[in-house]
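For reference, the structure is listed below as structure tokens.
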Amino acid sequence: MSKKSILILIACLIAFNIDAQLKSFLDSLKNDLQTVADDSLKMRLYDELAWTYKRIDADTALMYGKAGLQLAEGNDLVLEGIILATIGVTKTQNGIDDFGITELKRALEISQQLDIKGRLASNYTNLGNAFENLGRYDSAIYYTTKAIELKLAIGDSTSAAGTMGNLGLVYHNMNNPEKAMAYFESALEILGEGSRRSRGIFNNMGITLMKLEDYPKARLYLRKAIRGLQEAENERNFAITYGNIGETFYHEANYDSARYYATKAFTLKRKFGENLSLTYPAISLAKIHVELGAYEKAKEYAQLAYDISNQFSSLERQAEAMWYLGKIEANLGNFEEAAQLLFDYSLAYEEVHDKEIVRAAEEAEAKFQNELKEKENQLLRDEASIQAQQIRFQNTVIISIGVVIVLLVVIAILLKKQLQERKKLLSQIKTQSAKLKELDQAKSRFFANISHDLRSPLTLILGTLDKITERDYEILDKESKELLDLGVKNGKRLLYLADEIMDLTRLEEGKVSLELQYVKIVPYLRLLTKMFSSAADIKSIELRFSSRAEDETTLQIDPHQFEKIIYNLLSNAIKFTPENGKVDVQLTTKESLLEISISDTGSGIPDENLEFIFDRYYQSTESNTSQAGVGIGLALVKELVELHGGTIKATSGSDGSVFTIQFSFKKDDWVSKAIIPERSLDVVTRNSLWMDLQEEKERLQIPGIHTPKEDAKAVLIVEDHRELRSYLKSILNPDFRVFLAANGTSALDVLQTEKIDLIITDLMMPYMDGFELVDHLKKDKTLKKIPVVVVSARTDKKEKLDLIAKGAEDVISKPFDKEELMLKIQNILERDWDSNQTLSKLYNETAEVFEKNIMHRLEKLIIKRIDDPHLSVLDLADEMAASERKVYRMIKKISGLTPYELIKEVRWQYLENYLQNNDVRTATEAAQIIGMTNVSSFASQYEKRFGHDFKTVLEE
């Protein structure tokens, strides 16, 4: 056989290295080895046999490698370097001797001598891998970095990206996740997210972010890895990635989602038999079910993990399974079994850690011996003329030093490990505390918003139906019919909100199946867009549909579920687009992809929120308006798109947001069978209900119309919910002149032109909410006397006390009783003791002058008894000849302070004046002057009140 034909054969067999052909390939190489006379070809055949056997049989690989090296030494420097690299890689991958570092360094020297750039880059990479396997990370970083620099220099960017991924793993193993992420991102920037190699990068990024405890972002990359795995149909890697996703949910205490992904991992792992790797998802499911309280199910998985680890003699996995079995038995009340299991666990744990210590010492000794051997080899090459006696003496000294170093290294490792475990425990406690606080805040935001969305319609339902029952008509009049319709309509809104929550839950659990049909997507999407034309007209929004696809373009979808996707995206776009804005729906096709984009000219989504908007129940911390929602719609959209095999992404800027959906399709997909579905009644009804909320705001009532008396009291209703605003108006209209405002800003505009006697306000409103409105009113001298009643779903104890402290007269929860509301309004309006008119009649002076006189009398009384520590509100009440409650309210209304705060403030001001005009030598003397019995806290209270140390005052 000719030299050329043998080379061609080798190249072909390497290119088509399929498992089924491996044996024939090796036999062919062995036959050629027997027949070839050319030493150069023999060397190549030896190298190829060694390379092929390196993962099958390391000893055979090394046999062929050494035979080839013996031929190459002194004859062919290029092939000598190649065979040395093959031997080094074989030792690295199989953990033999010094992991092949000696051979790899010699191969590197040959490449440097010959100046072969590509081979040199490969040598650097191989040395980096060898040192990483040895645990010598500094050397691994040095050689891997050299490989990256050289590969980039010669233009081999794809290979450089792969090596960057390797360097990222080195930093990951060194517990330096930030540095690891930097190299993974650099590799991804070169490869691109669509590259087949990128899925491995995504998976490594996800694992590294888990180490950083950034679980939402870790999940984002792990899901990208899954999409890459779907293309490769690699079920083993699927199982690993699903298990990692489950772990992210577990650390966030989202146990239902954790169970879902851990179950997927377990199912896929089990397909490959009950081997040791199955214990990982089994133990994950055990600990998840423990958190869910499903102890019997947890026991089943923990027992399975125990049996498998016992079968494969894995003491570490067995110990972990015993821990959870003991914990489960304790929860089941089987305390004797639990005690035995936990005792067995402690024994196994000690044995595992003892083995780890021994292994650490052995590894340290092995590393030292490897380094020692490398030095000895270098000494033999460089100092061959030195006498044998001198070499033995030097070796004895080196070995003695080595023994000492090994002992020191072992001690240092043990001490460092203890310190790291202690630091890790403290870090975990701090992290868990922060996560619990963050979770509590997220839950509070979520339940506040969902309470607002559910309670407002419930108020309308109960209120309107209650009003109808008061009417003694056999046939309902027109108004009663409208009220009944209003109640039914809001009942439906509650039903649809509940449906969306259930849909999302069923999707997460994998219980929704699609009823796919071939649909002519262009006319169908045009029809769905047109459904929102009326809503767009109401806000003067330009709603446009455009298509760059053929009208016959066909897409296989479930029309009912697809409508939910478009409905949610379009309703959001119109809701968040201001008047005279634009909403565009575009459909395009790019090769085998169909793309739908929905863009608006709203205010956009903040960058820090953009990557989380598709998360279930995610709430922006800035969401405090009526438009905030409960975080269901976009999560539902994402799940439905992915169920169709599509993808969705969002981009945003100051000029608005764009949501882009992509589906795979074929141009000839069943065009003859395609249909144009009618809009479902469900979506049409939802759109009708939603459009009612978009109608233009009603005009403010003109004073005097529909009121029984011209001098009737004026009430301002501040409420962003249009129908609830109208309902409150219908209750108050017979007895009061009613004015309306949709938010705090509009309310202030009304107060500029109208004299209002009482304000009823909601809390959660756009532009200016109820909290801000109350603050503004109580800071305004003219408006602060107007009583304010808060009617809101958000009425927890802390907020209620905060509102009353700010000056609100009362706080009423939704749904409210209309009779209770009317009685409270009448009681508040009948309190006219502090009105200008009453004061003028009684004292012949204005309210402002009256208030000044009152405060002057109070200050005189406090100064008169400035050193009396027992001065109280009762004493002030006696002086004013009024009840304690009335004095408390009067002081609070005039000064904004409680009586106790007023007494304290007058005392501080008196002391400040006294210090300016008199000599005070000690803090005790100063405290006694103003009646403070707790002298020890005087200095700190003084500094808190005046902003400087009392000692400084004494020194001046």
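Scope of the values below: all heavy atoms of this structure, side chains included, with no hydrogens, waters or symmetry mates.
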**Prompt:** Would a distance-only check, ignoring hydrogens and angles, find a side-chain to backbone donor-acceptor pair under 3.5 Å from N94 to T90?
**Reply:** yes

**Request:** Any chance you could lay out the salt bridge (charged side-chain N to carboxylate O under 4.0 Å, His left out) test for K297 and E300, step after step, and finish with the verdict?
**Result:** CA-CA 5 Å; K297 197 70 177 174; E300 177 183 337; 3.8 Å; yes

**Item:** Min side-chain heavy-atom separation Q561-H644 under 4.5 Å
**Value:** yes

**Prompt:** Yes or no on side-chain contact (heavy atoms from CB on, under 4.5 Å) for Y171 and I141, after CA distance, side-chain angles and deciding distance?
**Reply:** CA-CA 8 Å; Y171 280 110; I141 290 170; 3.5 Å; yes

**Neighbour count above 12 (heavy atom, 6.0 Å) for Q420 CD** = yes

**Over 12 non-hydrogen atoms of neighbours within 6.0 angstrom of CD in E515** = no

**Prompt:** Quick one: CD on E329 to CG on L325, what's the gap to the nearest 0.5 Å?
**Reply:** 7.0 Å

**Request:** For the pair D57 (side chain) and Y53 (backbone), establish whether a donor and an acceptor sit closer than 3.5 Å, ignoring hydrogens and angles.
**Result:** no

**Message:** Using a 3.5 Å distance criterion without hydrogens, assess whether the side chain of K564 forms a donor-acceptor pair with backbone atoms of V637.
**Reply:** no

**Fill in**
On a heavy-atom basis, the closest approach of L278 and I308 is CD2-CD1, 3.6 Å

**Donor + acceptor pair across side chains of Y260, K264 (<3.5 Å)** = yes

**Request:** Heavy atoms only: give me the nearest N331-K327 pair and the separation to one decimal.
**Result:** ND2-O, 2.9 Å

**Prompt:** Is there a ring pair (Phe, Tyr, Trp, His ring centres under 6.0 Å) between Y250 and Y255 once you walk through the steps?
**Reply:** CA-CA 6 Å; Y250 177 83; Y255 301 120; 5.7 Å; yes

**Message:** When you compare the side chain of L188 with that of F202, does any pair of heavy atoms fall below 4.5 Å?
**Reply:** yes

**Request:** Would you tell me whether E642 and T647 have side-chain atoms, one donor and one acceptor, within less than 3.5 Å of each other?
**Result:** no

**Request:** Ignoring hydrogens and angles, tell me if any N or O in the side chain of H289 forms a donor-acceptor pair with the backbone of L285 under 3.5 Å.
**Result:** yes

**Message:** Ring of Y280, cation from R317 - is the NZ or CZ under 6.0 Å from the centre and inside 45° of the axis?
**Reply:** yes

**Asked** Just by distance, do the side chain of T144 and the backbone of T125 share a donor-acceptor pair under 3.5 Å?
**Response** no

**Asked** Atom CG in N129, atom CZ in F99: separation rounded to 0.5 Å?
**Response** 12.0 Å

**Request:** Might you work through the side-chain contact (heavy atoms from CB on, under 4.5 Å) test for E247 and R219, ending with a clear yes or no?
**Result:** CA-CA 10 Å; E247 282 297 307; R219 227 171 10 253; over 6 Å; no

**Item:** Steps toward side-chain contact (heavy atoms from CB on, under 4.5 Å) verdict (K217, L222)
**Value:** CA-CA 9 Å; K217 200 167 183 179; L222 289 170; over 6 Å; no

**Message:** I'd like to know if K91 pairs up with E103 as an ion pair, taking the criterion as any Lys NZ or Arg NE/NH1/NH2 lying under 4.0 Å from an Asp or Glu carboxylate oxygen.
**Reply:** yes

**Message:** Using 30° and 60° as the class boundaries, would you call the ring planes of Y345 and W323 parallel, tilted or perpendicular?
**Reply:** tilted

**Asked** Which atom names give the shortest non-hydrogen contact between Y295 and I328, and what distance separates them?
**Response** O-CG2, 3.3 Å

**Message:** Could you check whether any side-chain heavy atom of T145 comes within less than 4.5 Å of a side-chain heavy atom of Y124, counting everything from C-beta outward?
**Reply:** no

**Prompt:** Are N126 and T92 close enough that some pair of their side-chain heavy atoms sits under 4.5 Å apart?
**Reply:** no

**Item:** Plane angle bin for F266 and Y301 - parallel if under 30°, tilted between 30 and 60°, otherwise perpendicular
**Value:** perpendicular

**Asked** Is there a side-chain contact between I190 and M164 (heavy atoms, below 4.5 Å)?
**Response** yes

**Message:** Between T248 (side chain only) and I245 (backbone N and O only), is there a donor and an acceptor less than 3.5 Å apart?
**Reply:** yes

**Request:** For D307 and Q303, test the side chains for any donor-to-acceptor distance below 3.5 angstrom and give the result as yes or no.
**Result:** yes

**Atom pair OG (S309) and CD1 (I283), whose distance is rounded to the nearest 0.5 Å** = 6.5 Å

**Asked** Once you round to the nearest 0.5 Å, how far does CD1 of I96 lie from CG of D59?
**Response** 6.5 Å

**Item:** Distance-minimising heavy-atom pair for G206 and A218
**Value:** O-CB, 3.4 Å

**Asked** Looking at CG of N166 and CD of E132, how far apart are the two atoms once the value is rounded to the nearest 0.5 Å?
**Response** 7.0 Å

**Asked** For the rings on F131 and Y137, is their centre-to-centre separation under 6.0 Å?
**Response** no

**Message:** Could you tell me if the side chain of L634 sits less than 4.5 Å from the side chain of I648, heavy atoms only?
**Reply:** no

**Request:** Kindly determine whether R259 and L292 satisfy side-chain contact (heavy atoms from CB on, under 4.5 Å), including the steps that lead there.
**Result:** CA-CA 9 Å; R259 178 178 57 187; L292 291 170; 3.6 Å; yes

**Asked** Shortest non-hydrogen contact from V641 to I565?
**Response** CG2-CD1, 3.8 Å

**Request:** Answer with yes or no whether the side chains of K224 and N203 bring together a donor and an acceptor at under 3.5 Å.
**Result:** no

**Complete:** Heavy atoms of V89 and L104 approach each other most closely as N-CD2, 4.1 Å

**Prompt:** To the nearest 0.5 Å, what is the distance between OG1 (T263) and OH (Y242)?
**Reply:** 12.0 Å

